[in-house]
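Being a predicted model, the structure only gives us computed values, none of them experimental. Side chains are part of it too, since the values below use all heavy atoms of this structure and drop only hydrogens, waters and symmetry mates. Chain letters run A, B, ... following the sequence lines, proteins first, then strands; residues in each count from 1.
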Amino acid sequence: MNMEHQKMSNIEQAREDKLRAIKQMGIDPYGGRYEIAEASAEVKARYKDNEEGQKARCAGRIVLLRDIGKLIFITLRDSSGTIQIGLSKSLLEAQWKFMKLLEAGDIIGAAGQLGKTKTGEITIWADEVVLLSKSMLPPPEKWHGLADIDLRYRQRYVDLWANPEVMERFKKRAAILRTIREFLTGRGFMEVETPMMQTIAGGAAAKPFITHHNTLDLDLFLRIAPELFLKRLLVGGMEKVFEINRNFRNEGLSTRHNPEFTMLELYEAYADYNVMMDLTEELICLLVDKYCTGGKVQFGEMAVDFERPWRRAIYAQLLKEYGGCDIENIQSVRAKATELGIEHKNMDDAVVINGVFEATVEKNLIKPTFVKDYPAALCPLTKRKKDRPGIAERFELYIAGMELANAYTELNDPAVQEENFRLQLKGQHETMAKMDEDFVTALKYGMPPAGGLGIGIDRLIMILTGATSIRDVVLFPLLKPAKP
RNA sequence: AGGAGUGUAGCUCAGGUGGUAGAGCAACGCACUUUUAAUGCGUAGGUCCUGGGUUCGAAUCCCAGCACUCCUACCA
């Protein structure tokens with residue numbers, strides 16, 4: 001036996017011993033169904049002072065345990081909160097030896113009279129205690145919880161019960177998603193699911209993950225966007241559709257990027273990007289009203305005010321305002337790029353413009369700001385302005401310096417679409433880049449004019465919960481495997 | 001990919017200039033029938049991330065590696 005093994009067994013020996021003792025008493029340490037357990041929060045809410053005969057029945061994990069000799073106080077945590085369980089030797093005489101073996105981390109069910117202690121804590125004075133799962137590993141430190149960030153992500157199952165605010169954040173995430181679905185279905189949108197595995201990774205310019213189907217001997221891409229499939233549904237006659245699902249992009253990780261992330265995309269026939277702007281503002285303001293106090297959010301150092309109406313600014317104007325260069329004068333833009341140290345030789349004008357925009361404008365857009373009317377060269381799937389073919393009817397929404405949404409008036413001219421694809425492919429060195437001919441075919445059958453919108457759900461949750469890292473709003477963020 | 005930081009007991013963290021490794025919680029033992037991070041007394045617990053190097057001597061200094069965090073880069 002090596003040293004490491006010795007150490008482990010010393011630490012966990014006590015729990016092993018207790019498990020053995022419990023089994024010797026004829027008790028199943030892993031329990032079974034525990035019926036009619038009530039949420040601890042509900043028990044506390046319905047408790048009335050000075051009323052005899054109130055009973056309660058709860059199940060959860062022991063997070064704190066105070067042994068006073070013939071009396072044991074347990075802080076029991078379930079998904080709704082915590083409640084105190086009082087174990088008294090006089091009430092549990094026959095089981096007392098077993099009671100003394102309970103420890104932090106164990107999952108138990110307890111039932112008995114409700115009452116208050118001297119200090120006013122609502123307490124279930126148990127006359128029944130059932131062990132539902134023996135915990136074989138020591139829980140984290142009780143004051144600080146689990147603080148090691150790496151461990152928190154790797155062992156989220158511990159993080160969730162050791163750090164209640166983590167559970168709260170993910171409950172909020174679930175509630176927000178419910179509200180989004182209610183908002184959209186209430187407006188006549190239908191939720192659909194489109195392929196995650198695609199033979200052509202389209203709808204965005206990102207590096208895809210590759211996988212393989214054995215029976216068909218076919219390489220497939222995990223989707224980088226659902227866009228081209230959702231627009232096929234417009235062709236099919238679905239007029240208002242949305243999908244909330246994962247996208248996968250084979251790119252770097254950061255506090256704002258996880259390789260798999262949740263995206264809301266929606267399409268509305270006969271609408272355009274102005275309709276999408278209104279919709280976006282209404283949806284997010286509804287969420288802010290519902291889930292953030294005072295219509296404001298503290299995001300790191302930034303205080304974000306959602307007061308309406310939100311600014312709707314022209315791309316070129318912002319470039320002038322923050323970048324100090326004129327989009328019509330490409331020399332001034334390239335000069336700025338040089339000044340900023342951005343590599344721009346042999347690069348398309350539009351790409352250089354976008355580089356300068358991202359470097360100068362984005363970080364300044366703290367309050368919700370719609371940036372609209374992008375250079376058409378950056379927007380192959382977008383309809384151009386009727387009077388200005390160089391400008392695309394597209395907007396991006398920025399909040400707290402972060403890109404949160406992207407929307408446009410959808411291009412429905414198959415000839416222009418095909419040409420855009422062709423131009424896009426020319427500039428691309430990626431071998432996986434392929435023309436989605438079937439999408440062009442779909443457009444040839446006729447797609448209604450439409451507005452389309454994508455909202456990065458993880459980033460939205462970050463803003464609404466004040467989490468500055470995407471890993472704090474994704475239950476299991478991608479990490480490198482731990483040491484061998 | 002580049003820069004900065006972190007890695008010490010199961011957990012949370014201390015360990016100026018190199019000299020036998022520290023605390024709190026958790027664990028174990030004893031006491032305690034109204035505790036709230038219970039308390040008091042006692043015991044035990046270490047590959048100081050890994051591998052090299054300098055040195056009489058390294059948790060500490062140097063080099064390389066691993067993991068994580070933050071920033072930058074990549075990211076329609």
Side-chain angles (χ1 to χ4, degrees), chain A residues 2-4 6-18 63-75 82 84-92 96 103-105 115-123 125 136-155 158 162 202-207 224-225 227 247 249-259 261 300 341-343 348 350-351 353-355 357-359 374-382 392 394 396 403 406 408 420 424 427-428 454 468-469 471 477 479-484:
Chain A
N2 64 26
M3 289 297 285
E4 192 174 354
Q6 187 85 50
K7 181 186 74 183
M8 292 297 281
S9 63
N10 283 343
I11 297 298
E12 289 153 27
Q13 193 60 53
R15 281 172 193 256
E16 293 285 355
D17 291 347
K18 283 180 180 166
V63 289
L64 290 172
L65 186 145
R66 300 171 287 282
D67 185 345
I68 321 288
K70 297 192 181 65
L71 204 56
I72 299 171
F73 290 102
I74 286 169
T75 304
T82 61
Q84 178 162 277
I85 312 294
L87 309 181
S88 150
K89 193 179 180 193
S90 57
L91 273 173
L92 296 160
W96 197 244
E103 59 192 329
K116 264 190 181 171
T117 59
K118 270 203 253 194
T119 49
E121 180 83 17
I122 297 170
T123 301
W125 290 103
M136 298 305 292
L137 289 171
E141 213 259 4
K142 64 186 176 187
W143 307 348
H144 306 88
L146 188 63
D148 184 299
I149 290 180
D150 184 29
L151 261 189
R152 285 188 43 223
Y153 298 147
R154 288 188 198 282
Q155 303 194 323
V158 176
K207 296 186 192 78
I224 54 175
E227 171 152 357
N247 287 350
R249 297 190 181 174
N250 205 341
E251 285 155 7
L253 291 76
S254 80
T255 45
R256 269 155 265 125
H257 300 81
N258 196 55
F261 61 99
I342 298 171
E343 185 60 49
D348 280 354
V351 175
I353 290 167
N354 202 42
F357 184 89
E358 286 178 359
Y374 278 67
L378 296 170
C379 315
L381 299 162
T382 310
R394 169 179 173 194
E396 289 191 354
E403 180 191 336
N406 181 19
Y408 27 90
N420 285 355
Q424 189 183 13
Q428 222 149 11
T468 51
S469 172
R471 294 187 189 93
L479 301 173
K480 279 194 218 174
K483 256 186 267 185

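- Using a 4.0 Å heavy-atom cutoff across all strands shown, A:Glu396 reaches sugar-phosphate atoms only and no base atom.
- In this structure, A:Arg249 reaches neither bases nor backbone, as no heavy-atom distance under 4.0 Å exists between it and the strands shown.
- Within the shown strands, B:U69 is the pairing partner of B:A4 under the Watson-Crick or G-U definition, both distances less than 3.5 Å.
- Across all strands shown, the partner of B:C30 is B:G40, judged by Watson-Crick or G-U wobble contacts whose two distances both fall under 3.5 Å.
- For the pair A:Pro375 and A:Phe357, the minimum side-chain heavy-atom distance is 4.5 Å or more.
- Rounded to the nearest Å, the gap between the C1' atom of B:C49 and that of B:U17 is 25 Å.
- For the pair A:Glu358/A:Glu403, no side-chain contact is recorded, criterion being any heavy-atom separation below 4.5 Å from C-beta on.
- Residue contacts for A:Lys18: at a heavy-atom cut-off of 4.0 Å it reaches the sugar-phosphate backbone alone, with no base atom in range.
- Distances shown here put a side-chain N or O of A:Arg154 below 4.0 Å from the OP1 or OP2 atom of B:C68.
- Within the nucleic acid shown, A:Arg471 comes within 4.0 Å of sugar-phosphate atoms alone, with no base atom in reach, counting heavy atoms only.
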### Task
Decide yes or no on side chain to side chain donor-acceptor pair (under 3.5 Å) for A:Asn258 and A:Arg471, but give the supporting numbers first.
CA-CA 8 Å; A:Asn258 196 55; A:Arg471 294 187 189 93; 5.5 Å; no

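- Taking atom P on both nucleotides, B:G5 is separated from B:G24 by 32 Å, rounded to a whole Å.
- Exactly one residue among A:Ile85, A:Thr75, A:Ile74 makes a side chain to side chain contact (heavy atoms under 4.5 Å, CB included) with A:Leu65. That residue is A:Ile74.
- A donor-acceptor contact under 3.5 angstrom links the side-chain atoms of A:His257 to the base of B:C75.
- Across B:A38 and B:C61, the matching P atoms stand 38 Å from one another, rounded to whole Å.
- Judged by Watson-Crick or G-U wobble contacts below 3.5 Å, the nucleotide B:G24 has B:C11 as its partner.
- If you check B:C56 for Watson-Crick or wobble pairing at under 3.5 angstrom, you find it paired to B:G19.
- A:Gly145 comes within contact range of the sugar-phosphate backbone alone, with a heavy-atom separation under 4.0 Å but no base atom that close.
- A:Ser254 comes within contact range of no nucleotide atom at all, as no heavy-atom separation falls under 4.0 Å.
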